[in-house]
Colleague: 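I have a structure here, written as structure tokens, and I will follow up with some questions on it.
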Amino acid sequence: MISYIKGTLEDTMEDGIIIENNGIGYDIKTTGRLLMGLPKRGSQMKIYTYLYVREDALSLFGFADKEELQTFQLLIGINGIGPKAALAILSTLSVNELRFAVLSQDVKTISKAPGIGKKSAERLIIELKDKMKLEDALKWEEEPMEEEKTEDSKTEATLALVSLGYSNAEALRAISSIEGSEAMDTESLLKLALKKLM
């Protein structure tokens, strides 16, 4: 309904901000990460929003970018995880950190979010493992024609590291930290990743 709001940052609160647009002040709940990186009051800003509708309330939630907004929507789609818990997760972990944790089935990392226990973290992993992709975590930056080839190389190198006994998270981090990876074949990626891991 409201895709984003662009306006003046009028005030900040413990759990959100007020943005003024055309004489209307929008009370927007947001993540701790966004609150820490806010511009000074009176500055112009754009925030992507999600309108949460309940019988007794309308709440507006705001995010720094579309990716964070989409991840919030995935989280609140999980049984037992409401907007407050979803914000707590995205305040504790970046979208990519959450991806790494889900793909490596790292219950401990997800459980660091306030209000998220072991069972909630396990359920979150089960629900999201098919919705979060390895290639998104690796942030492909190659040209469209090269995309498939590079994606295959990164995936193959990551799988090879896992077969050598490294965790999914370790393998993903090692591969994603290699500069110029988009131009490399599987063997080159694997050699550099092993150097980093050792």
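This chain uses plain numbering: 1 for the first residue, then up along the sequence.
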Colleague: At what distance, to the nearest 0.5 angstrom, does NZ of Lys46 lie from OG of Ser3?
Modeller: 9.5 Å
Colleague: Give the minimum heavy-atom separation between Leu189 and Ile178, together with the two atoms involved.
Modeller: O-CD1, 3.6 Å
Colleague: Determine the minimum heavy-atom distance between Phe72 and Pro83, stating which atoms define it.
Modeller: CE1-O, 3.7 Å
Colleague: Specify the closest pair of heavy atoms between Ala121 and Ser111, including all atoms of both residues, with the distance to one decimal.
Modeller: CB-OG, 3.6 Å
Colleague: Would you check if there is a donor-acceptor pair between the side chains of Gln44 and Thr8 at a distance under 3.5 Å?
Modeller: yes
Colleague: Counting N and O atoms only, with roles assigned by atom type, does the side chain of Glu68 sit under 3.5 Å from a partner on the main chain of Ala64, one being a donor and the other an acceptor?
Modeller: yes
Colleague: Check whether Ser188 reaches the backbone of Met184 with its side chain - one donor and one acceptor, N or O, closer than 3.5 Å.
Modeller: no
Colleague: When you group the ILVMFWY residues by side-chain heavy-atom contacts below 4.5 Å and let the links chain together, are Leu38 and Ile5 in the same group?
Modeller: yes
Colleague: Between Glu187 and Lys191, is the closest basic N to carboxylate O distance under 4.0 Å?
Modeller: yes
Colleague: Ile19 pairs by side-chain contact (heavy atoms from CB on, under 4.5 Å) with which of Asp27, Ile24, Ile47?
Modeller: Ile47
Colleague: If you compare all heavy atoms of Leu90 against all heavy atoms of Arg33, which two are closest, and at what distance to 0.1 Å?
Modeller: O-CD, 3.1 Å
Colleague: Got a donor-acceptor contact below 3.5 angstrom from the Ser43 side chain to the Pro39 backbone?
Modeller: no
Colleague: Same cluster or not: Leu190 versus Leu197, using hydrophobic residues (I, L, V, M, F, W, Y) connected whenever any side-chain heavy atoms lie under 4.5 Å apart?
Modeller: yes
Colleague: Any salt bridge between Arg99 and Glu67, counting N to O under 4.0 Å?
Modeller: yes
Colleague: Please check this pair: side chain of Ser91 against backbone of Thr31, looking for a donor-acceptor N/O pair closer than 3.5 Å.
Modeller: no
Colleague: Counting distance only, does the side-chain N/O of Arg123 pair as donor-acceptor with the main-chain N or O of Ile78 below 3.5 Å?
Modeller: no
Colleague: Salt-bridge test for Lys108 and Asp106: reply yes if a basic N is under 4.0 Å from a carboxylate O, no otherwise.
Modeller: no
Colleague: Looking only at heavy atoms, what is the nearest atom pair of Thr71 and Leu98, with distance?
Modeller: CG2-CD2, 3.7 Å
Colleague: Test your reading of the model: is there a side-chain donor-acceptor pair from Asn21 to the backbone of Lys6, 3.5 Å cut-off?
Modeller: yes
Colleague: Under the 3.5 angstrom rule, does the side chain of Ser120 hit a backbone N or O of Ile116 as a donor-acceptor pair?
Modeller: no
Colleague: Applying the 4.5 Å side-chain criterion to the ILVMFWY set and letting contacts propagate, would Ile126 and Met132 be lumped into a single cluster?
Modeller: no
Colleague: Test of understanding: clusters of I, L, V, M, F, W, Y form through side-chain heavy atoms closer than 4.5 Å, transitively. Do Met45 and Tyr26 belong to the same one?
Modeller: yes
Colleague: Fit a plane to each ring of Phe61 and Tyr52, take the angle between them on a 0 to 90° scale, and name the class: parallel (under 30°), tilted (30 to 60°) or perpendicular (over 60°).
Modeller: perpendicular
Colleague: Is it true that atom CG of Asp56 has more than 12 heavy atoms of other residues, nucleotides or ligands lying nearer than 6.0 Å?
Modeller: yes
Colleague: Whether the side chain of Glu97 engages the backbone of Ser94 through a donor-acceptor N/O pair (distance < 3.5 Å, no angle test) should be reported.
Modeller: yes
Colleague: Does the side-chain contact (heavy atoms from CB on, under 4.5 Å) test come out yes or no for Met13 and Ile18, once each step is laid out?
Modeller: CA-CA 8 Å; Met13 298 160 290; Ile18 294 175; 3.9 Å; yes
Colleague: To check you understand the geometry: which heavy-atom pair defines the closest contact between Ile81 and Ala86, and what is its length?
Modeller: CG2-N, 4.0 Å
